[in-house]
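A quick write-up on the structure given underneath.
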Amino acid sequence: MRLRARRFTCENSACSHRTFAEQIPALTRRYARRTDSLTALLTDIALFLGGRPGARMADRMSMVTCKDTMLRLIRALPEPNPGPVQVLGVDEFALRRRWKYATVLVDMTTHRPVDVLASRTAATFAAWLRCHPEVQMICRDRAGSFRDGACAGAPQARQVADPWHVLHNLAEAVERIVGRHRAELREPLPTATETASASPTAADELDIHGRPRPLVARTRERYQLIHERIARGDSLRAIARELRLSRGTVVRFAEAADLDELLAAATQRPSLIDDYRLYLHHRWLEGCTNASALAREIQQLGYRGDINTVRRHLRPYRTGAIPLDTPLPHLTVRRVTNWIMSRPEHLTDTERKCLNDLCDRSPALATTTEYARRLAVILRERRTEHLAFDVWLADVRLDGQRELRTLASGMRRDHAAILAALSTTHTSGAVEGNVTRIKLLKRQMYGRANFDLLRRRILLSP
């Protein structure tokens with residue numbers, strides 16, 4: 001491309017510049033080494049890809065530049081002015097997981113981020129809200145820092161708790177309850193002469209040679225040592241330091257109702273053979289009782305375990321305790337939790353039968369299932385008639401499990417925000433989408449850039 005431009009001479013002898021080159025609008029600029037169109041193109045590449053990847057892409061397009069230039073182009077951009085924000089969405093994201101977090105603020109009308117705060121504390125959020133008194137509604141999760149910050153910085157704004165986060169908190173509480181009653185998930189075996197007096201978990205506590213499994217022996221020893229020191233009056237932190245265990249492990253052993261609860265968690269873990277129990281059952285009834293042959297057959301179907309696991313699974317068959325019916329799905333904590341949290345009409349007949357049998361055996365899980373489904377229906381259908389949510393809180397407070405009572409106690413602090421979620425259509429979906437986009441931008445930058453560059457890419461990226 002050839003360009004012809006005029007050169008002017010200054011007639012003022014006192015001027016330090018003698019000549020001036022003519023500027024062409026929308027094409028050239030004083031002291032610029034690139035045209036405006038090339039600068040705009042490189043800036044878009046930098047916003048999409050970042051520094052080093054953007055420089056590589058520009059080089060492939062015959063626009064030779066370096067990564068530092070790409071980063072300077074991003075930092076040279078002016079910050080956008082979103083204007084007044086009436087409906088605000090807020091959520092946190094990790095700058096360094098478990099160490100440092102930041103906050104993204106989203107305009108729920110345009111679904112675009114309006115600002116990024118360097119921390120997730122209530123004071124930082126409240127200070128931002130004081131500078132934006134036009135905010136009338138705040139969509140958030142159930143984090144206490146955002147609740148306190150909204151109350152302090154924008155008392156005039158109406159807070160809306162996201163229904164998905166409330167359901168997620170409910171699922172976490174249900175999973176803890178099911179995990180605490182893990183011993184009741186085991187299927188009752190039919191009565192046999194060899195197993196009539198044996199405990200349901202006795203076979204699981206032995207290896208294929210009849211010796212106690214190392215995990216079971218270690219669990220028994222730790223339970224005895226921890227409870228001896230608790231009876232002596234030692235603190236949990238001192239016990240953890242003396243036995244060289246994590247404080248969470250000591251708390252789990254200390255809060256267990258009895259040893260059987262811990263042994264159930266140790267012996268009834270998900271196994272690689274769970275998905276092949278039905279196949280092994282049918283093959284045994286057909287007359288194939290060779291563990292090696294059965295192991296080779298299920299290995300061709302995708303089984304990745306060893307033959308010892310197959311032998312351990314077939315041990316009750318060899319002692320005469322052959323199930324008369326087809327084995328039901330293996331009951332794990334996660335599977336039972338999914339059944340409880342799913343809509344009843346979405347469960348298969350087998351899943352519904354397994355859950356009903358489990359509730360018949362365990363009154364605690366039966367009441368948990370009832371309360372979890374009641375709250376799920378209230379949130380999904382946004383029921384506000386007859387104070388359904390308040391009735392649920394009162395019922396859980398009377399006879400709910402301790403995990404549900406803890407959840408209900410936190411919900412009382414968010415009572416107004418949860419009721420607002422039931423009476424409005426606002427959610428935090430747009431905020432979660434922006435958090436997902438932020439994760440992509442973070443991975444492109446590999447954690448090497450400063451917070452100011454990440455903030456600009458979040459605000460300016462299309």
Side-chain angles (χ1 to χ4, degrees), residues 87-92 101 103 108 120-126 129 135-181 251 255 337 340-343 363-429 431-432:
V87 183
L88 179 71
V90 57
D91 200 0
E92 63 185 21
Y101 288 81
T103 302
M108 301 304 290
R120 58 175 179 178
T121 61
T124 304
F125 184 42
L129 289 174
V135 176
Q136 299 298 324
M137 185 171 293
I138 300 175
C139 302
R140 58 172 179 85
D141 56 13
R142 296 188 57 246
S145 59
F146 295 145
R147 179 189 65 242
D148 298 339
C151 293
Q156 79 286 352
R158 185 182 185 186
Q159 300 183 40
V160 180
D162 185 57
W164 182 90
H165 285 91
V166 180
L167 278 175
H168 182 66
N169 298 145
L170 174 63
E172 291 176 337
V174 171
E175 185 173 3
R176 289 193 294 270
I177 296 173
V178 177
R180 188 158 52 84
H181 295 81
V251 170
E255 293 182 351
T337 303
I340 295 176
M341 294 303 301
S342 299
R343 298 175 186 265
L365 294 181
T367 56
T368 299
T369 302
E370 177 189 356
Y371 286 136
R373 288 182 170 177
R374 279 177 55 187
L375 181 59
V377 169
I378 293 173
L379 294 172
R380 288 169 181 155
E381 300 181 2
R382 301 180 184 273
R383 293 187 176 180
T384 57
E385 66 277 7
H386 306 300
L387 301 176
F389 179 63
D390 294 334
V391 174
W392 184 89
L393 291 176
D395 292 344
V396 168
R397 187 174 184 177
L398 289 177
D399 62 346
Q401 296 295 306
R402 67 168 181 259
E403 291 83 359
L404 286 181
R405 293 199 301 269
T406 302
L407 176 65
S409 177
M411 286 182 174
R412 291 188 189 95
R413 292 191 292 269
D414 274 345
H415 186 268
I418 295 177
L419 288 183
L422 300 179
S423 59
T424 64
T425 58
H426 291 285
T427 66
S428 298
V431 188
E432 298 296 335

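Values reported hereafter were calculated over all heavy atoms of this structure, with side chains retained and with hydrogens, waters and symmetry mates removed. Note that the numbering runs from 1 along the sequence shown for the chain. Predicted, not measured: the structure shown is a model, and the values here were computed from it.
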Note, Leu170 side chain near Leu404 side chain (heavy atom, < 4.5 Å): yes

Straight-line distance of Thr121 OG1 to Phe146 CZ, nearest 0.5 Å: 9.0 Å

Contact summary for Met341 and Val174, nearest pair of heavy atoms: SD-CG2, 4.2 Å

Shortest non-hydrogen contact between Trp392 and Ala408, atoms and distance: CZ3-CB, 4.3 Å

Distance in Å, Ser423 OG paired with Ile418 CD1, rounded so as to fall on 0.5 Å steps: 12.0 Å

Charged N-O contact under 4.0 Å between Arg147 and Asp414: yes

Summary of side chain to side chain donor-acceptor pair (under 3.5 Å) pairs that have at least one residue in residues 364-373, sequence neighbours excluded: Tyr371-Asp399

Asp148: partners by side-chain hydrogen bond (donor to acceptor under 3.5 Å, both in side chains), with sequence neighbours left out: none

Thr406: partners by side-chain hydrogen bond (donor to acceptor under 3.5 Å, both in side chains), with sequence neighbours left out: none

Which residues share a salt bridge (Lys or Arg N to Asp or Glu O under 4.0 Å) with Glu92, sequence neighbours left out: Arg120

Heavy-atom donor-acceptor pair, His415 side chain to Met411 backbone, under 3.5 Å: no

Test side chain to side chain contact (heavy atoms under 4.5 Å, CB included) applied to Arg140 and Asp91, step by step: CA-CA 6 Å; Arg140 58 172 179 85; Asp91 200 0; over 6 Å; no

Any residue meeting salt bridge (Lys or Arg N to Asp or Glu O under 4.0 Å) with Glu381, in chain and number order, not counting sequence neighbours: Arg383

Residues that Asp141 engages under salt bridge (Lys or Arg N to Asp or Glu O under 4.0 Å), provided they are two or more places apart: none

Heavy-atom check, side chain of Leu88 versus side chain of Met108, under 4.5 Å: no

Basic-acidic side-chain contact under 4.0 Å: Arg180, Glu403: yes

Side-chain donor-acceptor pair present, His426, Asp162, cut-off under 3.5 Å: no

Test log, rule side chain to side chain contact (heavy atoms under 4.5 Å, CB included), inputs Asp395 and Arg374: CA-CA 11 Å; Asp395 292 344; Arg374 279 177 55 187; 3.0 Å; yes

Heavy-atom pair with the smallest gap, counting every atom of Ala171 and Thr337: O-CG2, 3.9 Å

CZ/Arg382: more than 12 non-hydrogen atoms of other groups inside 6.0 Å: yes

Any Leu167 side-chain heavy atom under 4.5 Å of Leu375 side chain: no

Steps toward side chain to side chain contact (heavy atoms under 4.5 Å, CB included) verdict (Arg176, Arg402): CA-CA 10 Å; Arg176 289 193 294 270; Arg402 67 168 181 259; over 6 Å; no

From OG1 (Thr124) to CG (Leu129), nearest 0.5 Å: 11.0 Å

Side chain proximity check, Gln401 to His181, heavy atoms < 4.5 angstrom: yes

From OG (Ser428) to NE2 (His165), nearest 0.5 Å: 6.5 Å

Distance (rounded to the nearest 0.5 Å) between Gln159 CD and Cys139 SG: 10.5 Å

From Ile138, Val135, Thr424, Val87, residue fulfilling side-chain contact (heavy atoms from CB on, under 4.5 Å) relative to Arg158: Thr424

Point-to-point distance, once rounded to the nearest 0.5 Å, from CZ of Arg380 to CH2 of Trp164: 12.5 Å

Side-chain heavy atoms of Val431 within contact of Val90, under 4.5 Å: no

